[in-house]
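Okay, so here's the structure we're looking at.
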Amino acid sequence: MEFMNYYMPTKILLGEDVVLKNSNLFNNYGEKALIVTGKTSSIINGSLKDVTSALRKEGILYDIFNSVEENPSLETIENIAELGRAQKSNFIIGIGGGSPLDASKAAGVLINNPKSTRYNLFDSPHLKSIPIIALPTTAGTGSETTPYSIVTDNELQTKHGICQRIFPKYALLDVKYLMFLPEQITINTSIDALSHLIEGYMSSNANVLSDALAEKGLKLFGECLNMIKEKDFTYIVREKLMLASSIAGMVIAQAGTSLPHGMGYALTYFHNIPHGKANGLLLKSYLEFCMDENKVRKILYLLTLENLDDLGNFLNAMLGHVNTISYEEMCLYADKMTLNNDKLKNHPAPVKREDILKIYNDSLKI
Ligand code: NAP
Ligand code: FE
């Protein structure tokens, strides 16, 4: 067997009222918490109230930063860090979708290193973060089980990952927070998880353990496929999707994402297409480009699909077709992608500019 490396130190707790039942775990991380969350959803779904109740019960003081936007910007991350530094926060509890969770990790690095600036997020991989506890309320990005933080960089006009690797100490999973997640966000985020499973499974870094996890995640997704089509998001379906999403996070924590993620960032940055949808639009053409036919067949089997056209039809029905992006724009995005070595190296074969352009064009042509 080839050399293998597997590391996933996040403790995962899943169950109803997981926060209230495990409030004592917060005592391990200090006297002052910083809660980082989005604009309104954590108030509506009860996750913010559960966290503040748990902290009060334990006598831990807290501050709240509650305006993380989708695809968080470096400016927002600096604002979170300013609050955390001023309040001398010992740890962060991130609540929400991938945006607040990723913002928590990046801000945690800046808080732990008071002299650091946003530029150190890309040139100082040895910097550590204060402890992060993650409560995902989408299923999802899997950020609760990955060491990655993806940020919007308006100077470079793109999204990209910070260079530090920060696994949350705990992932606290409670499906009740997802019960009122709007249909389209449920679909887009579930397809993000599907992209992680597929890209991680096809990655040049995949190994026997990441593949075992990817296959389990794909099977769980396959069990939900008909209900996703019907938009029948019961508790059981959401629980399976939440598990599939955290498993998908464990897969990409080892294997990384590749072409759909790297190519999707331009669609999000320049056309405001939600992250999961951006990946999903490119998935079928990406799989047509992948050489490992055995693995492609296994993916389809686990998803209970006959062929790639079935996958394309499912994605099209769920996401719709985007036909507002010109060929000239696709050329520009393909040029950007040819420079994205972080993603290109995760693809097991050489990728040329025309391959990238073909995936864009086959997926998005007008
Ligand atoms: P998101 O950007 O965190 O949130 C999308 C929307 O969903 C927001 O409007 C949010 O509202 C709402 N929302 C969240 N939870 C909800 C709930 N339970 N009920 C109702 N509404 C809810 O979406 P996301 O797709 O989860 O995260 C995307 C980000 O994660 C991107 O920046 C992407 O690049 C990143 N990502 C990270 C990784 C990683 O490994 N770290 C992997 C993939 C993607 P509020 O603002 O009101 O909360
Ligand atoms: Fe993703």
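As the structure is a computational prediction, the values presented were derived from the model and not from experiment. What's counted below: heavy atoms across the whole structure, side chains too, no hydrogens, waters or symmetry copies. One-based numbering, in listed order, for ligands and for the atoms of each. Counting begins at 1 with the first residue of the sequence.
Geometrically, ligand 1 and Ser42 share no nitrogen or oxygen pair separated by less than 3.5 Å. Checked against a 3.5 angstrom limit, the closest N/O atoms of Tyr265 and ligand 1 fall outside it. At under 3.5 Å, not a single nitrogen or oxygen of Gly96, backbone or side chain, sits near a nitrogen or oxygen of ligand 1.
Counting only heavy atoms from C-beta outward, the side chains of Val351 and Phe289 approach each other to under 4.5 Å. With a 4.5 Å cut-off on side-chain heavy atoms, Leu259 and Met337 count as touching. Looking at heavy atoms from C-beta onward, Leu74 lies in side-chain contact with Leu121 at the 4.5 angstrom threshold.
In this structure, Asp211 pairs ionically with Lys295, as a charged nitrogen and a carboxylate oxygen lie closer than 4.0 Å. The existence of a salt bridge linking Lys21 and Glu16 is excluded, since no basic side-chain nitrogen approaches an acidic carboxylate oxygen closer than 4.0 Å. The pair Lys219-Glu223 counts as a salt bridge, with a side-chain nitrogen and a carboxylate oxygen less than 4.0 angstrom apart.
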- [ ] Decide side-chain contact (heavy atoms from CB on, under 4.5 Å) for Leu172 and Val51; before the verdict, give the C-alpha distance in whole Å, the side-chain angles of both, and the deciding distance to 0.1 Å.
- [x] CA-CA 11 Å; Leu172 301 178; Val51 169; over 6 Å; no
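Nearest protein heavy-atom contact of atom 24 (P) of ligand 1 is Gly98 N, 3.5 Å. Protein heavy atom nearest atom 16 (C) of ligand 1, with residue, atom name and distance: Leu181 CD1, 3.3 Å. Closest to atom 40 (O) of ligand 1, if we only count protein heavy atoms, is Thr146 OG1, 2.8 Å. Nearest protein heavy-atom neighbour of atom 37 (C) of ligand 1: Asp102 OD2, 3.0 Å. The protein non-hydrogen atom at the shortest distance from atom 6 (C) of ligand 1 is Glu70 OE2, 3.7 Å. Looking only at protein heavy atoms, the nearest one to atom 46 (O) of ligand 1 is Lys39 N, 3.0 Å. Looking only at protein heavy atoms, the nearest one to atom 10 (C) of ligand 1 is Ser41 OG, 4.2 Å. Nearest protein heavy-atom contact of atom 44 (C) of ligand 1 is His275 NE2, 3.1 Å.
Few gaps surround CE on Met4; more than 12 heavy atoms of other groups in view lie less than 6.0 Å from it.
Checking each of His347, His160, His275 against His261 for a ring pair (Phe, Tyr, Trp, His ring centres under 6.0 Å) leaves exactly one that passes, namely His275. The only option from Asn45, Asp50, Thr137 that meets the side chain to side chain donor-acceptor pair (under 3.5 Å) definition with Tyr177 turns out to be Asp50.
Close approach of ligand 1 to Ile185 is summarised as follows: ligand atoms under 4.0 Å from at least one heavy atom of the residue are 6 (C), 7 (O). For ligand 1 and Asp192, the ligand atoms under 4.0 Å from any heavy atom of the residue are 43 (C), 44 (C). Shown in contact with Thr138 at under 4.0 Å from a heavy atom are these atoms of ligand 1, numbered in order with element: 14 (C), 15 (N), 26 (O). Close contacts between ligand 1 and Gly97 involve ligand atoms 3 (O), 26 (O) [criterion: under 4.0 Å to a heavy atom]. Proximity to Pro100 (heavy-atom distance under 4.0 Å) selects the following atoms of ligand 1: 3 (O). Of all atoms in ligand 1, listed by their number and element, those nearer than 4.0 Å to a heavy atom of Gly38 are 46 (O), 48 (O). Close contacts of ligand 1 with Thr40, meaning ligand atoms under 4.0 Å from a residue heavy atom, involve 45 (P), 47 (O). Within ligand 1, the atoms closer than 4.0 Å to a non-hydrogen atom of Asn45 are 17 (C), 18 (N), numbered from 1 in the order shown.
Looking only at N/O/S atoms, His261 comes nearest to the Fe ion (ligand 2) through NE2.
The Fe ion (ligand 2) forms the vertex of an angle spanning NE2 of His275 and NE2 of His196; to the nearest 10 degrees it equals 170°.
Judged by distance alone, with hydrogens and angles left aside, the side-chain atoms of Ser143 form no donor-acceptor pair with the main-chain N or O of Gly98 at under 3.5 Å. Between the side chain of Ser42 and the backbone N or O of Leu48 there is no donor-acceptor pair closer than 3.5 Å.
Residue Phe91 comes nearest to Tyr29 through the heavy atom pair CD2-O, 3.1 Å, listed as atom of the first residue, atom of the second, then distance.
Residue contact check for ligand 1: Pro136 places no non-hydrogen atom closer than 4.0 Å to it. Assignment of His196 to the shell around ligand 1 is supported, since a heavy atom sits closer than 4.0 Å.
The nearest non-hydrogen atom to atom 3 (O) of ligand 1, considering only Gly140, Pro147, Ser99, Pro182, comes from Ser99. Selection from Lys176, Gln184, Glu144, Lys159 by nearest heavy atom to atom 33 (C) of ligand 1 gives Lys159.
Side-chain N/O atoms of Tyr269 and Asn154 include a donor and acceptor closer than 3.5 Å.
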